[in-house]
Amino acid sequence: MTSNRPDFTTRLLIAAGIAEGMRVLDVGCGSGDVSFLLADLVGKDGEIIGVDHDARAVAIARERGAAKAHPALTFVQCDLLELPDSMGSFDAIVGRRVLMYQKDAVATIRALSKCLRPGGIVVFQEHDTTMVPASLEPFPLHRRAQAWIQQMIALEGADLHIGFNLHSLFTQAGLAVEHVRAECLVQTPDTPYGLGSIVQACLPRIIALGVASAEEVGIETLQQRLDQERSDARATYIGDVMFGSWARKV
């Protein structure tokens, strides 16, 4: 079963008002996935600057950007709280799975808002890992794989309830909240989902933190086993709850 419906992030950005010609800052851009979504939305007359503290991730983003040859897409390695003044001001600031890792999320939002133009938009997508998984059938492997990720995030000091906290964080930072939404990630027997790929991307951190060993994970066959479990159960599994919110600088 396939769907042409845009994903949660794309729909969130469009609903928040990201549009052609805008200058947007993508914070915690990683290897650039959200930046490329933004580039499509702002078009040739817009500009996207992606920032991340991870040099390796920024290098990957730059390679991907060069392949796409988008003229107004730039990636910069720097800390979110140390943005150079030369970056100028932005129409919007966007982040995905970023606030959850900030020691003081309110202070981070306030600092970022300084480079936002009056009336500009702040958009963040964060996840709540405490409401799921949910299912009528056991799904032991799915639950175990998600437990590895959840334990990893908790040990890294992330806010596991960040989705629920978005409205409060924006308000404390002095922004006018316009909307908060949430959506469950529903997996059916014929709905593909790359949980195995997510575990693979996190595997070095999972092992380093002692959450699970490489032998326990069995990454070479994990995705195949996950798909088989969902197919055998012939049931629906809810594996994630995504929150999105946007607010305006007044």
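Below, all heavy atoms of this structure are taken into account, side chains as well, without hydrogens, waters or symmetry copies.
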Asks: Answer whether the closest heavy-atom distance between the side chains of Ile49 and Arg23 falls below 4.5 Å.
Replies: yes
Asks: Sequence neighbours excluded, which residues qualify as salt bridge (charged side-chain N to carboxylate O under 4.0 Å, His left out) partners of Glu156?
Replies: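 Result, salt bridge (charged side-chain N to carboxylate O under 4.0 Å, His left out) vs Glu156: Arg205.
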Asks: If the condition is side chain to side chain donor-acceptor pair (under 3.5 Å), which residues does Thr236 pass it with, not counting sequence neighbours?
Replies: none
Asks: By side-chain contact (heavy atoms from CB on, under 4.5 Å), which residues pair with Leu81, not counting sequence neighbours?
Replies: Asp79, Thr108, Ala111
Asks: Indicate every side-chain donor-acceptor pair of residues 28-37 with a distance under 3.5 Å to a residue at least two apart or in another chain.
Replies:
| residue | atom | partner | partner atom | Å |
| --- | --- | --- | --- | --- |
| Asp33 | OD1 | Arg64 | NH1 | 2.7 |
| Asp33 | OD1 | Arg64 | NH2 | 3.1 |
| Ser35 | OG | Asp26 | OD2 | 2.5 |

Asks: Mind checking side chain to side chain donor-acceptor pair (under 3.5 Å) for Gln150 and listing every partner two or more places apart, or none if nothing turns up?
Replies: none
Asks: Does the side chain of Met87 come within less than 4.5 Å of Val51's, by heavy atoms?
Replies: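 Result yes, sub-4.5 Å side-chain heavy-atom pair found.
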Asks: With ILVMFWY side chains joined below 4.5 Å, transitively, what does Leu136's cluster contain besides itself?
Replies: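 None; Leu136 is a cluster of one.
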Asks: Establish, yes or no, whether the cationic atom of Arg62 lies under 6.0 Å from the six-membered ring centre of Phe75 and within 45° of the ring axis.
Replies: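 The answer is no, since Arg62 fails at least one limit relative to Phe75.
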Asks: With a 3.5 Å cut-off and no angle check, do the side chains of Asp190 and Thr188 form a donor-acceptor pair?
Replies: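 The answer is yes; a qualifying pair exists.
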Asks: Could you check Arg225, Gln223, Gln224 and say which one makes a side-chain hydrogen bond (donor to acceptor under 3.5 Å, both in side chains) with Asp227?
Replies: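 Going through the options one by one, the only one that passes is Gln223.
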Asks: Cys184: which residues meet the side-chain contact (heavy atoms from CB on, under 4.5 Å) condition with it, sequence neighbours left out?
Replies: Val186, Ile238, Val241
Asks: With salt bridge (charged side-chain N to carboxylate O under 4.0 Å, His left out) as the rule and sequence neighbours excluded, what pairs involving residues 92-108 come up?
Replies: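 Residue pairs passing salt bridge (charged side-chain N to carboxylate O under 4.0 Å, His left out), neighbours aside: Arg97-Asp240.
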Asks: Leu73 and side-chain contact (heavy atoms from CB on, under 4.5 Å): which single residue from Val42, Ile48, Leu38 fits?
Replies: Ile48
Asks: Only counting residues at least two apart or in another chain, list the ones meeting salt bridge (charged side-chain N to carboxylate O under 4.0 Å, His left out) with Asp128.
Replies: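 Residues passing salt bridge (charged side-chain N to carboxylate O under 4.0 Å, His left out) with Asp128: none at all.
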Asks: Return the set of residues passing side-chain contact (heavy atoms from CB on, under 4.5 Å) with Gln172 (not counting sequence neighbours), or none when no residue passes.
Replies: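 Once residues adjacent in sequence are excluded, the partners of Gln172 under the side-chain contact (heavy atoms from CB on, under 4.5 Å) criterion are Val106, Ser168.
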Asks: Looking at Asn165, Val122, Leu12, Val177, which hits side-chain contact (heavy atoms from CB on, under 4.5 Å) with Ser245?
Replies: Val177
Asks: Quick one: side-chain contact (heavy atoms from CB on, under 4.5 Å) partners of Arg143, sequence neighbours excluded?
Replies: Pro133, Ser135, Tyr237
Asks: State which residue, out of Phe8, Phe170, Phe164, fulfils the ring-ring contact (aromatic ring centres under 6.0 Å, His included) condition with Phe243.
Replies: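 In the set Phe8, Phe170, Phe164, the residue that makes a ring-ring contact (aromatic ring centres under 6.0 Å, His included) with Phe243 is Phe164.
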Asks: Are any non-hydrogen side-chain atoms of Leu185 and Tyr193 less than 4.5 angstrom apart?
Replies: yes
Asks: Kindly indicate whether the side chain of Leu195, heavy atoms from C-beta on, has any atom under 4.5 Å from the side chain of Gln146.
Replies: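 Yes; the side chains approach each other to less than 4.5 Å.
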Asks: Quick check: do His179 and Arg181 have side-chain heavy atoms less than 4.5 Å from each other?
Replies: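 In contact.
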Asks: Applying side chain to side chain donor-acceptor pair (under 3.5 Å), name anything that partners Ser89, two or more places apart in sequence or on another chain.
Replies: Arg117
Asks: Can you check whether Val217 reaches Ile207 side chain to side chain, under 4.5 Å on heavy atoms?
Replies: no
Asks: Should Ser113 and Leu175 count as side-chain neighbours, where that means a heavy-atom distance under 4.5 Å?
Replies: yes
